[in-house]
Trainee: 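I'd like to ask you about the structure that follows.
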There are 2 protein chains.
Amino acid sequence: MPSPTRTTNEEVVAAAREIVETAGAAGLTMQAVAERVGVRAPSLYKRFADRDALLVAVTEAAIADLTERFEAAAPSLPRLAAAYRAFAKEHSEAFRLMFTPSAPQEALQRSAEPVIRAAAARVGEEHALDAARLLTAWATGFLQMELAGAFRLGGDVERAFEYGLSHLLAGIEQDG
Amino acid sequence: MPSPTRTTNEEVVAAAREIVETAGAAGLTMQAVAERVGVRAPSLYKRFADRDALLVAVTEAAIADLTERFEAAAPSLPRLAAAYRAFAKEHSEAFRLMFTPSAPQEALQRSAEPVIRAAAARVGEEHALDAARLLTAWATGFLQMELAGAFRLGGDVERAFEYGLSHLLAGIEQDG
DNA sequence: ACCTGAACACCGTTCAAGT
DNA sequence: ACCTGAACACCGTTCAAGT
């Protein structure tokens with residue numbers, strides 16, 4: 001007799017996201033996830049090929065979350081930057097996963113679209129991609145360094161972020 | 001009777017670095033390191049408190065390597081940027097480790113000094129730190145994205161790096 | 001059809017015992 | 001003084017057996 005399904009992919013990914021955020025990617029064990037959704041570890045392999053596939057699903061869910069925030073913040077570039085920073089702070093572990101070779105690139109491309117459109121409104125279609133990449137690279141590096149503790153000494157991080165952002169926005173507008 | 005030492009901390013770290021670079025941080029097992037230096041895994045705990053301490057030592061050695069390259073490239077900002085990119089490509093796994101909360105921040109601060117001095121020569125002492133951070137954050141984010149495959153589509157990565165760099169250098173020089 | 005216990009290979013780590 | 005085998009707890013993963 002067929003057993004009724006005891007959990008769902010969504011529930012598994014949600015549990016995995018919580019574990020990743022509280023215990024880090026290294027803390028994501030199949031047993032911990034299984035316990036959280038009320039099954040045994042081997043059952044998870046019916047849904048995800050292996051631990052790595054689950055980790056990719058976690059990354060993808062995080063990217064979808066970020067994309068929503070971007071869409072809500074667009075087309076203001078300062079608000080996009082603030083949304084990015086807020087996301088990185090709330091989901092620092094998932095943020096790190098996004099810059100791993102196994103991250104789903106199509107999802108990342110989609111998340112970048114609001115940024116590219118906002119850049120286009122500011123500097124025109126022709127330079128939109130370059131401008132968006134400049135801003136994204138800077139913000140990504142800044143947040144990565146901030147999360148790693150690189151700014152622990154050396155003054156007001158808030159102010160440094162605002163300084164960098166306004167500087168880049170001004171620079172981007174004036175040429176091509 | 002005292003046994004003669006069969007390996008050294010330096011040899012252990014060197015072996016660990018090779019493993020990290022070929023198999024990734026996840027591939028760094030105490031047994032693999034031990035085999036490489038000709039001892040058994042438990043012996044490594046005489047030298048490093050645990051696997052994490054060894055990983056920190058690997059990160060620190062990589063930062064020392066980067067610092068040497070920076071010192072050789074200074075005070076040219078384009079050469080510093082090129083050195084950073086070359087390092088990231090040759091030691092992509094260690095590069096990622098550098099932006100982890102457990103990375104040794106004092107070593108990272110030291111590695112940043114040639115960049116800050118080069119920035120000072122370009123924009124003056126007063127804005128050197130801000131300028132160096134702007135450049136470093138951008139380059140770090142760019143390389144992180146490049147290594148993750150974010151630029152797999154979308155044209156000439158080389159050109160995009162040069163574009164971003166020259167744009168930032170021009171922007172940095174003109175104001176404060 | 002879905003779930004599980006049992007099993008396997010592998011890992012980090014400790015420690016008493018060897019030299 | 002340094003090294004090791006043996007052991008423990010834990011992990012990912014597979015699979016035959018349950019319902």
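Worth knowing before you read on, the calculation uses all heavy atoms, side chains too, and leaves out hydrogens, waters and symmetry mates. Labels below follow one simple rule: chain letters A, B, ... track the order of the sequence lines, proteins then strands, and each chain is numbered from 1.
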Trainee: Counting neighbours of CD on Glu90(A) that are heavy atoms of other residues, nucleotides or ligands and sit closer than 6.0 Å, is the number greater than 12?
Mentor: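 Buried by this count: over 12 neighbours within 6.0 Å.
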Trainee: With Glu158(B), which residues qualify under salt bridge (Lys or Arg N to Asp or Glu O under 4.0 Å), at least two apart?
Mentor: Arg85(B)
Trainee: If you measure from NE2 on His167(A) to CD1 on Ile172(A), what distance do you get to the nearest 0.5 Å?
Mentor: 11.5 Å
Trainee: For each nucleotide in nucleotides 6-14 of chain D, reading 5' to 3', give B when a protein heavy atom comes within less than 4.0 Å of its base, S when such contact involves only the sugar-phosphate, and - otherwise.
Mentor: B----BSBB
Trainee: Give the intermediate values and the outcome of side-chain contact (heavy atoms from CB on, under 4.5 Å) for residues Ser92(A) and Glu21(A).
Mentor: CA-CA 7 Å; Ser92(A) 59; Glu21(A) 227 42 72; 3.9 Å; yes
Trainee: Would you tell me if any nitrogen or oxygen in the side chain of Ser43(B) comes within less than 4.0 Å of OP1 or OP2 on dC2(D)?
Mentor: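 Negative; the distance criterion is not met.
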Trainee: Given atom CZ of Arg47(A) and atom C1' of dA1(C), what is their separation to the nearest angstrom?
Mentor: 12 Å
Trainee: Between Phe142(B) and Leu165(B), is the side-chain contact (heavy atoms from CB on, under 4.5 Å) condition met? List the steps.
Mentor: CA-CA 10 Å; Phe142(B) 188 100; Leu165(B) 179 60; over 6 Å; no
Trainee: Between Arg6(A) and dC2(C), is there a side-chain N or O to OP1/OP2 distance below 4.0 Å?
Mentor: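 Result: no.
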Trainee: Starting from P on dC2(D), measure out to CZ on Phe48(B) and report it in whole angstrom.
Mentor: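 It works out to 14 Å between those atoms.
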Trainee: Distance check needed: dC2(C) P versus Leu44(A) CG, whole Å only.
Mentor: 14 Å
Trainee: Using the six-membered ring wherever Trp is involved, compare the ring planes of Phe70(B) and Tyr84(B) and label them parallel, tilted or perpendicular (cut-offs 30° and 60°).
Mentor: tilted
Trainee: Which stems, defined as runs of 3 or more consecutive Watson-Crick or G-U wobble pairs with both pairing distances under 3.5 Å, involve DNA chain C?
Mentor: C:4-8 with D:12-16, C:12-16 with D:4-8
Trainee: Do other residues, nucleotides or ligands put more than 12 heavy atoms under 6.0 Å from the CD atom of Glu71(A)?
Mentor: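 Yes, because the 6.0 Å sphere around CD of Glu71(A) holds more than 12 heavy atoms from other groups.
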Trainee: Tell me whether the rings of Phe87(A) and Phe95(A) are parallel (<30°), tilted (30 to 60°) or perpendicular (>60°).
Mentor: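 Rings of Phe87(A) and Phe95(A): perpendicular, as their planes differ by over 60°.
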